[in-house]
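Input: a single structure, listed below in structure tokens.
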Amino acid sequence: MPVFKTPFNGYSVKFSPFYETRIAVATAQNFGILGNGRVHVLDLPPNPTAPITEIVAYDTADGVYDIAWSESHDSIFVAAIADGSVKLYDVALPPTNNPIRSFQEHTREVHSVDYNPTRRDSFLTGSWDDTVKLWTMDRPTSIRTFKEHVYCVYQAVWNPKHSDVFASASGDCTLRIWDVRQPNSTMLLAAHDFEILSCDWNKYDECLIASSSVDKSIKVWDVRNYRVPVAVLNGHGYAVRKVKFSPHRRNLMMSCSYDMTVCEWDFMVEDALVWKYDHHTEFAVGIDMSVLVEGLLASTGWDELVYVWQQGTNPRAA
């Protein structure tokens with residue numbers, strides 16, 4: 001598959017849940033420390049030798065740290081911005097009409113956004129202001145703010161089966177499980193001794209959740225009995241920036257790290273590392289697995305490159 005070069009450093013890449021050839025990429029200038037941002041909406045070619053085409057790009061005054069496609073509108077996505085704003089874009093409208101909405105409530109960088117896959121009408125944002133916020137597209141303000149973490153929230157993700165349940169990963173070394181119908185978090189997991197950078201729910205077992213940390217490890221937890229992890233995956237040389245469960249296979253997961261590698265794991269076997277890809281030349285910080293095409297993977301990183309490839313093949317092979 002071809003490679004796409006972005007002008008800024010890659011932060012997040014997401015496959016469209018509606019079109020198997022469409023991806024969105026969030027980027028930030030100067031490694032996200034200071035400067036502008038840009039979101040690229042790309043179309044993958046029908047044959048692997050042709051180039052990736054850019055449908056549209058949206059510039060922002062600050063870096064873009066994450067994006068999430070709407071689960072109800074095929075042309076809409078949400079972007080998490082470094083200035084604390086959350087912006088909605090509609091690819092079907094002219095670029096001058098975008099963003100179609102901008103929410104400004106977080107007091108620090110918005111680091112993650114996740115669209116509700118079951119209810120499809122709401123999304124979560126996680127911020128360095130230590131909070132998670134719940135939003136719908138049609139309301140000008142957030143529905144609720146969840147504030148129990150005592151340091152940056154790096155990620156908040158919906159449970160794939162329970163439309164009111166989500167998890168949040170924080171630099172305070174904890175995972176919290178929340179139910180939006182409850183006043184407080186329903187569970188607290190002291191999952192690592194160092195900052196937790198990412199978390200994700202298993203798509204086939206709603207009680208399994210993975211966490212990744214600055215301690216270089218990935219842990220899989222069963223929320224019914226979370227004193228001991230189901231699995232501990234070691235193999236990265238530096239902090240594990242993102243972890244993601246496969247939408248197609250229960251035991252398969254993907255991760256990326258500051259060691260510049262992207263890994264695939266089978267957390268139920270002893271030799272858990274299935275594949276290690278070393279195609280990036282800077283921190284690998286964004287990964288995704290296509291829901292529509294089994295085995296189709298994407299990654300982006302601070303080397304300003306976006307790779308899309310089939311599991312088990314060389315991402316650099318055009």
Checking side-chain hydrogen bond (donor to acceptor under 3.5 Å, both in side chains) for the pair Tyr258/Arg241: CA distance, chi angles, key distance, verdict? CA-CA 7 Å; Tyr258 291 146; Arg241 177 60 181 262; 2.8 Å; yes
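Side-chain N or O atoms of Ser142 include none that pairs as donor or acceptor with a backbone N or O of Leu134 at under 3.5 Å. In this structure a side-chain-to-backbone donor-acceptor pair under 3.5 Å is present from Asp288 to Phe15. Between the side chain of Arg316 and the backbone N or O of His279 there is at least one donor-acceptor pair closer than 3.5 Å. In this structure, Glu195 contributes its side chain and Tyr154 its backbone to no donor-acceptor pair below 3.5 Å. No donor-acceptor distance shorter than 3.5 angstrom exists from the side chain of Ser217 to the backbone of Asn234, with no hydrogens or angles considered. A donor-acceptor contact shorter than 3.5 Å is absent between the side chain of Ser12 and the backbone of Tyr65. A donor-acceptor pair under 3.5 Å links the side-chain atoms of Arg144 to the main chain of Val180, judged by distance alone.
Counting non-hydrogen atoms of neighbouring residues, nucleotides and ligands closer than 6.0 angstrom, the CZ atom of Phe18 exceeds 12 such neighbours. Atom CG of Asp138 is surrounded by more than 12 heavy atoms from other residues, nucleotides or ligands within 6.0 Å. Within a 6.0 Å sphere centred on CD1 of Ile100, heavy atoms belonging to other residues, nucleotides or ligands number more than 12.
For the pair Lys276 and Glu264, the salt-bridge criterion is not met [side-chain N within less than 4.0 Å of a carboxylate O]. A salt bridge is defined here as a Lys NZ or Arg NE, NH1 or NH2 lying under 4.0 Å from an Asp or Glu carboxylate O, and Asp164 with Arg119 meets this definition. The pair Asp259-Lys216 fails the salt-bridge criterion, with no side-chain N (NZ, NE, NH1 or NH2) lying under 4.0 Å from an Asp/Glu carboxylate O. Using a 4.0 Å cut-off between a side-chain N of Lys or Arg and a carboxylate O of Asp or Glu, Asp200 and Lys244 do not qualify as a salt bridge.
In this structure, Trp221 has its ring center at least 6.0 angstrom away from the ring center of Tyr226.
Through direct or indirect side-chain contacts shorter than 4.5 Å among Ile, Leu, Val, Met, Phe, Trp and Tyr, Val243 is connected to Leu208, Ile218, Val220, Val230, Leu233, Val240, Phe245, Met253, Trp265, Phe267, Met268, Leu273. Other members of the cluster containing Met289 are Val3, Leu252, Met254, Val262, Val274, Trp275, Tyr277, Ile287, Leu297, Leu305, Tyr307, Trp309, with ILVMFWY side chains joined at under 4.5 Å, either directly or via other members.
His248 places none of its side-chain heavy atoms less than 4.5 Å from the side chain of Lys203. For the pair Ser211/His192, a side-chain contact is recorded, criterion being any heavy-atom separation below 4.5 Å from C-beta on. At a threshold of 4.5 Å between non-hydrogen side-chain atoms, the residues Lys147 and Asp130 count as touching. Proximity of Pro45 to Ile52: side-chain heavy atoms (C-beta onward) are separated by under 4.5 Å at one or more points. Val86 is listed as a side-chain neighbour of Phe123, based on a closest heavy-atom distance under 4.5 Å. Contact annotation: the side chain of Gln155 approaches that of Lys242 to within less than 4.5 Å [non-hydrogen atoms, C-beta and beyond]. Annotation: side chain of Pro17 is in contact with side chain of Glu71 (closest heavy-atom distance under 4.5 Å). Between Leu88 and Met137, the closest side-chain pair of non-hydrogen atoms falls below 4.5 Å.
Neither side chain, His149 nor Thr131, offers a donor N or O lying under 3.5 Å from an acceptor on the other. Between Arg176 and Ser185, the side chains place a donor N or O and an acceptor N or O closer than 3.5 Å (distance only, hydrogens not considered).
Checking each of Val293, Leu42, Ile23 against Val308 for a side chain to side chain contact (heavy atoms under 4.5 Å, CB included) leaves exactly one that passes, namely Ile23.
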Cut-off 3.5 Å, no hydrogens considered: what does the side-chain donor-acceptor table look like for residues 90-97, sequence neighbours left out?
from  : atom 1 : to    : atom 2 : distance (Å)
Asp90 : OD1    : Ser75 : OG     : 2.6
Asp90 : OD1    : Ala92 : N      : 2.9

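Here the straight-line distance linking atom CG of Asn251 with atom CG of Asn202 works out to 7.5 Å at 0.5 Å rounding.
Every residue meeting the ring pair (Phe, Tyr, Trp, His ring centres under 6.0 Å) condition with Trp69, not counting sequence neighbours, appears here in chain and number order: Phe77. For Phe103, the ring pair (Phe, Tyr, Trp, His ring centres under 6.0 Å) criterion is met by Trp135, not counting sequence neighbours.
Sorted by first and then second residue, the ring pair (Phe, Tyr, Trp, His ring centres under 6.0 Å) pairs involving residues 24-54 (not counting sequence neighbours) are Phe4-His40, Phe31-Trp302.
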